[in-house]
Amino acid sequence: MSFYITTPIYYVNAEPHLGHAYTTIAADILARHMRQRGEDVFFLTGTDEHGEPVAQAAEREGVSPRELADRNSVKFRDLVKRVNATNDFFIRTSDPEHERGVQEVVQKIHDNGFVYEGTYEGYYCPRCADFKTDAELVDGNKCPIHLIVLEHEKEDNWFFKLSAFQEPLEKLYVDNPQWVTPRARYNEALSFIKGGLQDVSLSRARLRWGVPVPWDESQVIYVWIDALLNYYTALSYAREGEDLTSEYWPARHLIGKDILKFHAVIWPAMLLAAGIEVPRSIFIHGYLLMDEHKMSKSLGNVIDPFEVMDRFGTDTLRYYLFREVNFGQDGSISAAGFETRYNAELANEYGNLASRTLAMIGRYREGLVPGVGVDDALAADLAGVADHVREKLDAVDLSGALEEIWTAVRRLNRFVQDEEPWKLAKDEGEAEHLDRVLYSLAEGLRCVSVLVHPYMPDTAARLLAALGQEDVSFDGAAFGARGGGARIGKLEPLFPRIEPPAAAA
RNA sequence: GGCUCCGUAGCUCAGCUGGUUAGAGCGCACCACUCAUAAUGGUGAGGUCGGUGGUUCGAGUCCACCCGGAGCUACCA
């Protein structure tokens with residue numbers, strides 16, 4: 001079965017921040033996990049490059065929109081690479097193939113009778129380069145950002161007949177209760193639809209930086225319409241000389257809550273209008289908060305993902321974000337929380353479990369994992385872990401799956417303490433018992449590492465290599481799936497402890 | 001205003017279709033162990049499950065209302 005996962009495409013008018021890393025890593029975890037299961041995965045991310053804000057920023061800097069987009073797109077490409085994402089393609093909405101694809105689909109929507117010419121009226125702020133809604137206006141007719149008096153203006157646009165999809169969308173939601181998750185987001189989107197849908201403009205007349213409307217080159221397609229279509233157009237040219245659409249479409253989208261409406265209302269309506277199958281599912285995650293507040297430049301509490309990874313490593317960031325914050329909800333992160341979890345869970349529980357296990361196999365069995373059977377009690381406790389992880393990840397519960405894995409890590413440390421292999425080693429009569437304990441430990445560590453691979457791919461690979469068991473396929477995640485006999489290798493500490501800085505003077 | 005979600009131990013949160021003495025992690029106190037990155041394991045203290053009133057043999061878990069917090073109520077990428 002194919003598994004097509006997408007992140008939003010990132011708008012090049014902003015600097016990459018931790019939120020971008022968060023979504024990208026989430027998608028990567030799912031992609032890697034599904035590959036472990038032998039699924040045919042396609043993972044897409046990229047940049048959104050058209051629209052007024054980019055055109056304006058370019059003008060301010062005295063460069064062409066294209067130059068600005070080229071320059072900033074690279075930053076996102078670097079971030080994607082840096083977080084170790086295994087995307088199969090990086091789309092740019094300025095790709096000529098994408099632009100052609102957008103025109104084809106929009107033409108289809110037009111030909112199917114869902115586009116008409118209309119007039120958009122409202123208060124226009126020249127500095128925002130955008131129309132404001134009545135609710136946004138301050139003092140009757142002032143821009144809420146610039147506090148300048150706005151003129152009531154009109155613009156002739158092409159409109160998309162969103163209102164025609166009120167009933168089809170309601171039916172889509174009612175027939176597919178899992179279509180949008182978590183539930184609160186489903187409710188939010190559905191209630192918005194039930195509130196009545198108005199048509200939306202599909203083009204912009206004042207702008208040149210965008211995809212020309214195929215039947216009216218004086219206008220460009222509104223950037224959101226253009227951007228959403230990336231998920232569909234990418235498949236037609238991501239692989240040279242192939243069209244992957246029939247193989248991978250429809251997609252599973254991963255998005256932040258700020259773009260829910262576009263994805264859960266307008267996007268499926270566009271696809272219905274074009275006669276294209278709607279996405280398979282949409283999952284909405286929450287915000288990472290810094291000390292209860294949303295990260296923002298004005299608050300000065302923005303975390304630079306590159307800095308964090310420079311200091312602690314990519315795997316640590318990938319782990320921390322999904323361990324600390326329940327995926328799907330907002331949650332607070334902090335430097336203190338980061339260090340606590342790093343030391344307590346990564347260094348002490350997981351890293352040290354690896355150390356003690358390998359050291360004992362080295363010391364008591366000359367580095368050879370005994371080829372015996374597993375401990376029954378431990379086997380009983382670890383039996384369901386892989387299945388639970390699979391179920392949680394099928395439900396996009398990235399934090400829940402990690403919790404399952406960590407329960408197993410703790411169980412293994414308890415096993416060491418309970419069995420006291422250092423005492424067994426002193427008693428010749430306990431040799432078989434010690435064999436079983438050491439094999440069970442090596443096997444448990446291997447399973448846990450296979451399961452944790454999507455979250456911390458480099459760490460898992462190092463540890464599995466040291467265990468002489470490099471296979472990460474999900475079938476092998478079952479406790480006892482691999483026999484003993486392997487020769488262990490050397491392993492430097494996976495997560496050297498962070499010593500707290502000496503009390504500041 | 002309307003709608004949605006949330007309010008459970010000091011902190012962060014689990015608790016599915018109502019059913020034994022309400023759970024985890026962190027933090028705190030004490031104990032055990034020494035294989036290991038002085039890491040690990042155990043025990044304990046600590047909660048009128050926001051409030052009130054209902055339904056029920058029985059409610060943290062359902063209903064009503066109230067208090068408190070967050071989000072949505074349309075074209076910002």
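Labels below follow one simple rule: chain letters A, B, ... track the order of the sequence lines, proteins then strands, and each chain is numbered from 1.
Using a 4.5 Å heavy-atom cutoff, the side chains of Arg92(A) and His98(A) are not in contact.
Candidate nucleotides A36(B), U37(B), G41(B) were compared by shortest atom distance to the side chain of Gln417(A), and G41(B) ranks first. Candidate nucleotides U4(B), G42(B), C35(B) were compared by shortest atom distance to the side chain of Arg414(A), and G42(B) ranks first.
Rounded to whole Å, the distance from NE2 on His388(A) to C1' on C16(B) is 13 Å. G25(B) atom P lies 17 Å from atom CD1 of Ile405(A), rounded to whole Å. For the pair Leu441(A) CG and C35(B) C1', the interatomic distance rounds to 10 Å; values are reported in whole Å. We find that CZ of Arg183(A) is positioned 12 Å from P of C6(B), with the value rounded to whole Å. Distance CG (Asn326(A)) to P (C5(B)): 17 Å, rounded to an integer number of Å. Per the geometry, CD belonging to Glu404(A) stands 11 Å off C1' belonging to A14(B), to the nearest Å. Summarising the geometry, the separation between CE on Met360(A) and P on U40(B) is reported as 14 Å, rounded to the nearest angstrom. Note: NZ (Lys257(A)) to P (U4(B)) measures 18 Å, nearest angstrom.
For A39(B), the base has no donor-acceptor partner in the side chain of Asn348(A) [N/O atoms by modelled type, under 3.5 angstrom].
Of the side-chain N and O atoms in Arg497(A), one or more sit less than 4.0 angstrom from OP1 or OP2 of A39(B).
Between the C1' atoms of G23(B) and G15(B), the separation comes to 7 Å (whole Å). Taking atom C1' on both nucleotides, A45(B) is separated from G18(B) by 31 Å, rounded to a whole Å. Distance check on atom P: G51(B) versus G41(B) gives 35 Å, rounded to whole Å.
Lys423(A) comes within 4.0 angstrom of sugar-phosphate atoms only, judged by non-hydrogen atoms across all strands, and of no base.
Rounding to the nearest 0.5 Å places CH2 of Trp267(A) at 12.5 Å from CD1 of Ile259(A).
Under a cutoff of 6.0 Å and an axis angle of 45°, Arg323(A) and Tyr320(A) do not form a cation-pi pair. For the pair Arg204(A) and Tyr222(A), the cation-pi test (distance below 6.0 Å, angle within 45°) is passed.
Taking the ring centroids of Tyr11(A) and Phe76(A), they lie at or beyond the 6.0 Å cut-off.
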